[in-house]
> 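Would you mind keeping the following structure in view while I ask a few things?
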Amino acid sequence: RKEVEQDPGPFNVPEGATVAFNCTYSNSASQSFFWYRQDCRKEPKLLMSVYSSGNEDGRFTAQLNRASQYISLLIRDSKLSDSATYLCVVNPQGAQKLVFGQGTRLTINP
Amino acid sequence: GAGVSQSPRYKVAKRGQDVALRCDPISGHVSLFWYQQALGQGPEFLTYFQNEAQLDKSGLPSDRFFAERPEGSVSTLKIQRTQQEDSAVYLCASSPLTSNYGYTFGSGTRLTVV
């Protein structure tokens with residue numbers, strides 16, 4: 001079983017729609033959680049950190065459920081520029097590294 | 001420089017050839033990481049440096065892979081006797097802290113072994 005699992009998609013949604021991504025992680029001792037965004041043939045870039053209380057950044061909302069070891073990302077009012085691959089990322093406790101999920105590919109259609 | 005610089009941007013190697021990939025982190029960044037990203041997959045951790053010390057090399061897939069950061073700045077990832085399964089994008093990231101916050105990735109080196 002992979003340490004971080006995501007639905008690879010692809011997700012194709014119309015502009016303006018709300019889309020949700022889910023992710024599960026296997027290491028219950030993981031301490032930090034992130035969503036990264038990766039455009040085609042580009043490097044990953046931090047989209048947002050994920051906190052236990054849930055956090056929002058504009059149209060983006062991230063949630064963490066430690067009991068279920070589950071992370072989510074919600075994008076409201078999606079834009080064409082949101083088309084990218086979204087990577088769920090976990091930092092295992094005591095490790096100086098990030099563990100990435102496979103990524104979920106999102107395409108927003110006009 | 002303003003960001004993490006990696007060179008070459010693209011590398012085609014014949015099977016069995018040795019390659020060296022370079023990473024120039026952001027000046028002053030303590031932590032440096034190498035990741036391997038295969039097509040359609042997320043990046044996978046290879047190795048971690050804190051200044052010149054290689055503190056974690058648990059992700060290196062075989063003894064053909066070797067990384068160094070002798071002066072705590074520029075790092076080189078060397079792959080000996082390349083094989084087709086080594087074809088991937090190799091990403092370098094640096095961070096000013098001894099943590100996973102403030103990560104900046106370079107654009108990567110796309111290695112194709114033919």
Side-chain angles (χ1 to χ4, degrees), chain A residues 1-11 21-27 29-51 55 62 64 71 73 84-107, chain B residues 2-7 9-10 23-26 29-51 53-60 67 69 88-112:
Chain A
R1 183 188 171 191
K2 286 194 172 183
E3 213 168 326
V4 179
E5 296 208 55
Q6 296 181 249
D7 180 346
F11 284 50
F21 303 135
N22 304 316
C23 163
T24 57
Y25 61 95
S26 60
N27 186 341
S30 298
Q31 57 185 13
S32 305
F33 308 89
F34 310 91
W35 283 100
Y36 272 69
R37 171 193 169 127
Q38 187 171 27
D39 293 294
C40 189
R41 292 183 171 266
K42 299 284 189 181
E43 70 274 21
K45 292 186 178 177
L46 178 66
L47 178 66
M48 58 197 300
S49 300
V50 186
Y51 303 116
N55 49 297
L64 168 64
I71 306 163
L73 176 69
T85 295
Y86 290 83
L87 296 157
C88 178
V89 186
V90 169
N91 169 220
Q93 186 179 32
Q96 292 293 343
K97 67 177 183 181
L98 296 179
V99 179
F100 288 79
Q102 178 182 5
T104 299
R105 188 166 176 182
L106 172 67
T107 301
Chain B
V4 178
S5 177
Q6 291 188 245
S7 60
R9 188 76 175 89
Y10 302 93
C23 173
D24 253 296
I26 293 173
H29 275 199
V30 169
S31 298
L32 186 145
F33 303 83
W34 284 97
Y35 286 80
Q36 179 191 59
Q37 187 171 23
L39 190 64
Q41 302 297 317
E44 292 206 5
F45 171 78
L46 294 176
T47 188
Y48 161 63
F49 290 86
Q50 188 178 121
N51 296 307
Q54 189 175 21
L55 299 185
D56 187 348
K57 53 182 181 179
S58 62
L60 296 176
R69 193 187 185 197
V89 175
Y90 290 84
L91 293 160
C92 176
S94 70
S95 167
L97 308 169
T98 54
S99 74
N100 289 284
Y101 290 87
Y103 247 67
T104 301
F105 277 93
S107 300
T109 294
R110 183 174 296 272
L111 173 65
T112 303

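Below, chain A is the first sequence line, B the second, and so on; all start at residue 1. What you are looking at is a predicted structure, and each value in this text was computed from that prediction instead of being measured.
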> What part of B/Glu44 lies closer than 4.5 angstrom to a heavy atom of chain A: side chain, backbone, both or neither?
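For B/Glu44, neither part sits under 4.5 Å from chain A.
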> A/Leu98 and side chain to side chain contact (heavy atoms under 4.5 Å, CB included): which single residue from B/Phe45, B/Tyr103, B/Phe33 fits?
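Running side chain to side chain contact (heavy atoms under 4.5 Å, CB included) over B/Phe45, B/Tyr103, B/Phe33 with A/Leu98 returns exactly one hit, B/Tyr103.
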> Using non-hydrogen atoms and a 4.5 Å limit, figure out which bit of A/Leu87 sits close to chain B: side chain, backbone, both or neither.
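The side chain, not the backbone.
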> Which answer fits A/Gln38, side chain, backbone, both or neither, if we ask what part of it has an atom under 4.5 Å from a heavy atom of chain B?
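The side chain, not the backbone.
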> Under a 4.5 Å cutoff for heavy-atom pairs, which residue among B/Ser107, B/Pro43, B/Gly42 has the most contacts with chain A?
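If we count pairs closer than 4.5 Å to chain A, B/Pro43 comes out on top.
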> For B/Leu91 and A/Pro44, which heavy atoms make the closest approach, and how far apart are they?
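So the minimum-distance heavy-atom pair works out to CD1-CD, 3.9 Å.
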> Who are the side-chain hydrogen bond (donor to acceptor under 3.5 Å, both in side chains) partners of B/Gln54, not counting sequence neighbours?
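In terms of side-chain hydrogen bond (donor to acceptor under 3.5 Å, both in side chains), with neighbours along the sequence ignored, B/Gln54 is linked to B/Thr47.
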> In terms of heavy-atom pairs under 4.5 Å with chain B, which of A/Arg41, A/Arg105, A/Gln6 leads?
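Result: the option with the highest number of such pairs is A/Arg41.
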> Sequence neighbours left out, what passes ring-ring contact (aromatic ring centres under 6.0 Å, His included) with A/Phe100? Give chain and number order.
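Testing A/Phe100 for ring-ring contact (aromatic ring centres under 6.0 Å, His included), a comparison that skips the adjacent residues, returns A/Tyr36, B/Tyr35.
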> Once rounded to the nearest 0.5 Å, what's the spacing between atom OG of B/Ser58 and atom NZ of A/Lys97?
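Between atom OG of B/Ser58 and atom NZ of A/Lys97 there are 4.5 Å.
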